[in-house]
Every structure is written in C-alpha cells, then in structure tokens.
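Structure record follows, encoded as structure tokens.
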Amino acid sequence: QVQLQESGPGLVKPSETLSLTCAVSGGSISSYYWSWIRQSPGKGLEWLGYVSYSGRTNYRPSLKSRLTISLDTSKNQFSLKLSSVTAADTAVYYCARSSQLRSLGYYFDYWGQGTLVTVSS
Amino acid sequence: QSVVTQPPSVSGSPGQRVTISCTGSSSNIGAGYDVHWYQKLPGTAPKLLIYANISRPSGVPDRFSGSKSGTSASLAITGLQAEDEADYYCQSYDRSLSVYVFGTGTKVTVL
C-alpha cells in the first residue's frame, strides 16, 4: 500500500520561502508522476504542479515564477518550494501520486494526510 | 473561481439516490479529457472515488458510479448512507489554462 507523508514548517513569514517534503513509502518514486495540491481555508482544491519520475516538471502557470518541485530518488521523496509567500498562500498542502489510465489527463490516487501552512509574521 | 462548476449542496434521505453534476466547457471536459471524482471528509485527505469517468478503484462500493456526456459529468450515489455525508469534487484537465482543475465542490447531506 502506497503511503505519502508531508513534512515541513507550519508557519512561514511573508516574503519567505515555503518548503515541504513528501516521503513516499510502499512504492518507488521512480515511477509515476508526483503532485502538490492545496486547499485554502474555506475554498476548493487547487493543483500546483507535478514532477515526473524522470524529474520533468509542470507547474500551474500563475505560480510558475515562484514554484519549484523536485525529486530525491535516493530518499524516495519529493519536495515543494514556494517563494515570496503571502497570506494568500495559507492553505493545507497535500502531496499526491498522479496516475493516468490513458493520455486524457492525470488523476490523484494516493494522497498524504495534508499539512497546514500558515503565512503570517 | 474554478472553470468547472458543481452545485454547492445536495441532500437525500438514507437509501435514496442522489446525483452531483460537474459542468465544464470545450477546453476541459468537452475537449475529451477524463473526469475523476473524490470524496473529502472534514480534516482528511481526498479519496479517489471514480477515475476515467466511470471506473472505480478497488474498495470503493458500487453504490458510487460516474458518467460523462459532452461538457458535463455526473456522480451518482445510490442507497445513500450516513457515512456518505462529505464534500465531493470532480477533477479534469483544462487545455486552455494548462492546469488540472477541480470542480467547485458539492456538500452531500444525509437527512
């Protein structure tokens, strides 16, 4: 059974960089695509971006200038870095495995429990 | 605001059938991209219910079913149970925005 677990600071100051890590167990990170998704308080789910098993990335255009997602195959984990954060980046951040049945878009079949990150001074 | 819309809420009595609509456009659902559905209980991660429009992951009861037509998709829950009370989200891909999009979400209430 694949399991994902997010870790990282729960509080980040405005203008600083938000850094999270997702540890994957029960399966190799050297397969599949791996995504970050967030949910701001009282709002819906927002896909942020993914990294592929080969390290190729795809980011949400509105976040592209601030977002970096990377893979660490030696530790079987992947990471998110979001720079220049503001209060609007306060959210529960989820990591998820991305799968697809055919070339008609990915879905997210395994999720971490989520971690709340608050941006505040 | 999402480009894929769902009704804010639906409700039903135990044992009843409810459906949740997911309306998109020609740049996402109508472009042929698959629709997937998730169940989210408060304080927990979303759980995949339906993938590729109609397929159920192992362990998901067959009370849950999905369909897709044109620019819309639907999730049906038959034999509604108290444990089905949750938020439900559809998800697809939007080629104009180049993002994976989630619907606005629907709260299901079991009366």
Side-chain angles (χ1 to χ4, degrees), chain A residues 1-6 20 22-24 32-52 56-65 67 69 88 91-116, chain B residues 1-8 22 24 27-60 66 68 73 75 86-107:
Chain A
Q1 177 77 348
V2 176
Q3 293 185 316
L4 293 83
Q5 178 68 58
E6 305 91 348
L20 296 173
C22 181
V24 179
Y32 296 95
Y33 285 29
W34 304 91
S35 287
W36 288 96
I37 295 157
R38 70 183 179 183
Q39 184 172 33
S40 301
K43 296 192 176 180
L45 297 162
E46 180 180 54
W47 172 81
L48 304 182
Y50 67 59
V51 60
S52 76
R56 185 175 76 86
T57 55
N58 185 16
Y59 300 141
R60 189 176 195 87
S62 61
L63 297 174
K64 198 170 185 178
S65 63
L67 182 61
I69 300 176
V92 175
Y93 285 77
Y94 297 97
C95 57
R97 192 181 81 169
S98 313
S99 297
Q100 65 174 0
L101 184 64
R102 48 199 175 194
S103 300
L104 291 174
Y106 284 89
Y107 55 91
F108 310 106
D109 53 358
Y110 292 96
W111 297 64
Q113 65 184 23
T115 186
L116 174 63
Chain B
Q1 63 280 19
S2 177
V3 295
V4 178
T5 58
Q6 301 176 229
C22 172
S27 65
N28 42 66
I29 299 173
Y33 292 103
D34 283 339
V35 177
H36 321 288
W37 290 89
Y38 303 85
Q39 178 191 59
K40 190 177 185 312
L41 296 165
T44 68
K47 171 189 173 184
L48 181 67
L49 274 185
I50 298 288
Y51 65 97
N53 309 316
I54 61 171
S55 299
R56 273 188 314 277
S58 60
V60 173
K68 176 190 167 188
L75 174 73
D87 293 328
Y88 292 82
Y89 293 88
C90 62
Q91 176 250 314
S92 187
Y93 180 76
D94 190 288
R95 65 182 179 188
S96 295
L97 300 175
S98 299
V99 297
Y100 287 91
V101 290
F102 289 89
T104 49
T106 298
K107 181 174 181 57

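Letters A, B, ... are given to chains in the order of the sequence lines, protein chains preceding strands, and every chain is numbered from 1. The structure displayed is predicted, hence computed values, not measured ones. Side chains included, hydrogens not; waters and symmetry mates left out as well; all remaining heavy atoms used.
At a 4.5 Å heavy-atom cutoff, the contact between B:Asn53 and chain A is made by side-chain atoms alone.
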Item to check | Verdict with reasoning, B:Asp34 to A:Arg102, per side chain to side chain contact (heavy atoms under 4.5 Å, CB included) | outcome: CA-CA 9 Å; B:Asp34 283 339; A:Arg102 48 199 175 194; 2.7 Å; yes

Sequence neighbours excluded and cut-off under 3.5 Å, please list the side-chain donor-acceptor pairs for residues 36-45 of chain A, or say none.
residue	atom	partner	partner atom	Å
A:Arg38	NE	A:Glu46	OE1	2.6
A:Arg38	NH1	A:Asp89	OD1	2.9
A:Arg38	NH1	A:Tyr93	OH	3.0
A:Arg38	NH2	A:Glu46	OE1	3.1
A:Gln39	NE2	A:Lys43	O	2.8
A:Gln39	NE2	B:Tyr89	OH	3.1

Under 3.5 Å, which donor-acceptor pairs link side chains of residues 39-50 of chain B to any protein atom two or more places apart or in another chain?
residue	atom	partner	partner atom	Å
B:Gln39	NE2	B:Tyr88	OH	3.0
B:Lys40	NZ	A:Tyr94	OH	3.4
B:Lys40	NZ	B:Thr44	O	2.9
B:Thr44	OG1	B:Leu41	N	3.4
B:Thr44	OG1	B:Leu41	O	2.8

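Separating the OG atom in A:Ser99 from the OH atom in B:Tyr51 is a distance of 9.5 Å, to the nearest 0.5 Å. The OH atom of B:Tyr93 sits 12.5 Å away from atom OG of A:Ser103, with the distance rounded to the nearest 0.5 Å.
Not counting sequence neighbours, B:Trp37 has no partner by the ring pair (Phe, Tyr, Trp, His ring centres under 6.0 Å) test.
Of all residues in residues 105-114 of chain A, those placing a non-hydrogen atom less than 4.5 angstrom from a non-hydrogen atom of chain B are A:Gly105, A:Tyr106, A:Tyr107, A:Phe108, A:Asp109, A:Trp111, A:Gly112, A:Gln113.
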